[in-house]
Amino acid sequence: MGKVFDFGKNWQNFIKMYLNDKRIEEAKRSLCEFLEINDLSGKTFLDIGCGSGLFSLAALRLGASKVVSFDVDPFSVKCAEILCQQEGSPANWQIFNASILDDSLIKKLSTFDIVYSWGVLHHTGNMWKAIENALSLVNDNGLLYIAIYNKADGLAIYPDGRFGPSKFWEFEKKIYSRLPLFLQNLIDLGVMSFLVRAYLLTFNNPINKIRNHISLRGMSWRIDIKDWLGGYPYEYASVTEIFRFMKSKGFSLINLKNNNGLMNNEYLFKRL
């Protein structure tokens, strides 16, 4: 598989430079909106690949009775631990270093009312096994909220500035992840400059575009660019492929946010 991208270090930059109350509120709003609920009172919440820890924190503040967060990247675990400490180290928030591909972990964990894994399972190096392991952690009548990169085969240029087939980006991410940090940062600057020019050419205000990126789950434009360029391992699937797999495992689709490009499709499934 080769060298993987330093997701955790990217998340450390996010919580140091960008995380604030407005982003936390946006994370809470996006969770409730897609889950189609007002809060998480009395619900248990599992955050697989917790990254910055933002959505674990959001779940806690929305009233979840228990939050469990884990990530394979120790730097991501540290991010979540920092947020937990800032929150007063609540007893109902557990954080640890682990992989969703670890079958022994799956046997040890209980099941949860809500299992959440946004943009994570396609970065494990074994996406279908990761999804299947995540499914096993969902309660009876529980919910699974995942986001998986869409499978794109064409040479189109998409409205968000991304282009080409998924196979190209698999190659790009593999190369990018092997580069030293200073070269990665130069590529980031080149891409950001390109996007700013593209915004201007399409009569969009670059400042507004960058500021309004917060509306995407509280995320940061700068951090998301690096995450996209370097997110390796990288897998992807069409909506049909995900739907058929989940149906075969006894799950029903109850909400979907899909795209026709290279971005994440968001899915909410319920165990029947």
Side-chain angles (χ1 to χ4, degrees), residues 5-7 9-31 33-34 51-52 54-55 58 79 118-120 122-123 147-177 179-232 234 236 238-239 256-267:
F5 177 63
D6 289 325
F7 289 99
K9 290 181 180 178
N10 200 36
W11 286 125
Q12 283 188 330
N13 290 331
F14 174 72
I15 67 168
K16 288 177 183 176
M17 300 170 61
Y18 300 102
L19 186 59
N20 54 33
D21 288 341
K22 186 175 181 181
R23 293 186 190 277
I24 295 169
E25 288 303 311
E26 184 59 34
K28 289 167 59 181
R29 184 203 63 78
S30 70
L31 258 183
E33 181 180 88
F34 200 73
S52 66
L54 171 59
F55 282 84
C79 289
W118 208 104
V120 172
H122 51 228
H123 289 312
I148 301 292
Y149 277 130
N150 189 49
K151 182 179 182 179
D153 295 320
L155 298 175
I157 299 175
Y158 302 105
D160 64 347
R162 296 178 227 207
F163 59 89
S166 301
K167 272 290 182 185
F168 165 78
W169 290 102
E170 183 178 355
F171 173 77
E172 180 276 334
K173 293 166 189 287
K174 185 175 183 178
I175 299 301
Y176 180 101
S177 296
L179 296 175
L181 183 59
F182 81 93
L183 284 180
Q184 291 182 0
N185 289 337
L186 284 176
I187 293 171
D188 297 350
L189 287 171
V191 170
M192 288 188 288
S193 298
F194 169 80
L195 288 174
V196 167
R197 289 195 294 270
Y199 297 152
L200 291 170
L201 288 171
T202 54
F203 304 103
N204 286 290
N205 185 322
I207 295 174
N208 289 340
K209 289 285 288 186
I210 294 167
R211 284 178 176 171
N212 291 339
H213 197 86
I214 193 174
S215 67
L216 301 177
R217 306 170 53 254
M219 295 293 102
S220 155
W221 184 78
R222 171 72 181 92
I223 297 298
D224 276 359
I225 287 172
K226 180 172 279 293
D227 182 273
W228 168 250
L229 291 170
Y232 186 80
Y234 169 68
Y236 38 85
S238 68
V239 170
L256 170 67
K257 183 179 180 181
N258 67 316
N259 73 93
N260 294 317
L262 291 156
M263 296 173 64
N264 282 281
N265 293 320
E266 297 181 55
Y267 305 88

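For reference, positions follow the sequence shown, starting with 1.
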Can you measure from [atom1] ([X]) to [atom2] ([Y]) and round to the nearest 0.5 angstrom?
X	Y	atom1	atom2	value
Asn10	Ile225	CG	CD1	11.0 Å
Asn212	Ile207	CG	CD1	11.5 Å
Leu229	Asn185	CG	CG	11.0 Å
Leu179	Leu186	CG	CG	10.0 Å
Phe171	Ser166	CZ	OG	15.5 Å
Leu181	Lys226	CG	NZ	5.5 Å

[Y] backbone acceptor or donor facing [X] side chain under 3.5 Å:
X	Y	answer
Asp227	Ile223	no
Thr202	Tyr199	yes
Ser52	Trp11	no
Asp224	Met219	no
Gln184	Gly230	no

Please give me the minimum heavy-atom distance between [X] and [Y], naming the atom from each residue.
X	Y	value
Gly164	Ala152	O-CB, 4.3 Å
Lys151	Ser238	CB-N, 3.6 Å
Leu262	Pro165	CD2-C, 4.1 Å
Tyr158	Asn260	CE2-O, 3.4 Å

Practice prompt. Tell me, please, which residues at least two apart from Lys173 pass salt bridge (Lys or Arg N to Asp or Glu O under 4.0 Å).
Written response: none

Discussion item. Using the salt bridge (Lys or Arg N to Asp or Glu O under 4.0 Å) criterion, which residues pair with Arg217? Sequence neighbours excluded.
Written reply: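 Result, salt bridge (Lys or Arg N to Asp or Glu O under 4.0 Å) vs Arg217: none returned.
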
Discussion item. Parallel, tilted or perpendicular, judged at 30° and 60°: which one describes the rings of Tyr234 and Trp228?
Written reply: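 Judged by the thresholds at 30° and 60°, the geometry between Tyr234 and Trp228 is perpendicular.
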
Worksheet entry | Step-by-step side-chain hydrogen bond (donor to acceptor under 3.5 Å, both in side chains) determination, Glu170 to Tyr232 | CA-CA 8 Å; Glu170 183 178 355; Tyr232 186 80; 5.6 Å; no

Worksheet entry | Quiz item: cation-pi between Arg162 and Trp169, 6.0 Å / 45° |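 Not flagged: Arg162 not positioned over aromatic ring of Trp169.
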
Worksheet item: Would you say the side chain of His122 lies within less than 4.5 Å of the side chain of Asn264, judging by non-hydrogen atoms?
Response: yes

Worksheet item: Do Ile148 and Tyr236 touch side chain to side chain, with heavy atoms closer than 4.5 Å?
Response: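 No - every pair of side-chain heavy atoms lies 4.5 Å or more apart.
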
Practice prompt. Assess the side chains of Asn150 and Asn258: does a donor N or O sit below 3.5 Å from an acceptor N or O?
Written response: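 Asn150 vs Asn258: no donor-acceptor pair found between side chains.
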
Practice prompt. List the steps, then state whether salt bridge (charged side-chain N to carboxylate O under 4.0 Å, His left out) holds for Asp153 with Lys167.
Written response: CA-CA 8 Å; Asp153 295 320; Lys167 272 290 182 185; over 6 Å; no

Residues 12-21, side-chain donor-acceptor partners within the protein, below 3.5 Å, at least two apart:
from	atom 1	to	atom 2	distance (Å)
Asn20	OD1	Lys22	N	3.2
Asn20	OD1	Arg23	N	2.9

Practice prompt. Go through the steps for Phe34 and Lys257 under the test side chain to side chain contact (heavy atoms under 4.5 Å, CB included), then give the verdict.
Written response: CA-CA 9 Å; Phe34 200 73; Lys257 183 179 180 181; 3.9 Å; yes

Discussion item. One pair to check against side chain to side chain contact (heavy atoms under 4.5 Å, CB included): Tyr149 and Met263. What are the steps and the verdict?
Written reply: CA-CA 6 Å; Tyr149 277 130; Met263 296 173 64; 5.7 Å; no

Discussion item. Within the supplied structure, the quantity of interest is the number of heavy atoms (other residues, nucleotides, ligands) at a distance under 6.0 Å from Phe168 CZ; does it exceed 12?
Written reply: yes

Worksheet item: If you draw a 6.0 Å radius around CG in Leu200, do more than 12 non-hydrogen atoms from other residues or ligands fall strictly inside?
Response: yes

Worksheet item: Given Leu155 and Phe163, is the side chain to side chain contact (heavy atoms under 4.5 Å, CB included) satisfied, shown in steps?
Response: CA-CA 7 Å; Leu155 298 175; Phe163 59 89; over 6 Å; no

Item to complete: Starting from the C-alpha separation in whole Å, work towards a yes-or-no answer on side chain to side chain contact (heavy atoms under 4.5 Å, CB included) for Val239 and Tyr267.
Response: CA-CA 9 Å; Val239 170; Tyr267 305 88; 3.6 Å; yes

Item to complete: Decide yes or no on ring-ring contact (aromatic ring centres under 6.0 Å, His included) for His123 and Phe7, but give the supporting numbers first.
Response: CA-CA 10 Å; His123 289 312; Phe7 289 99; 4.7 Å; yes

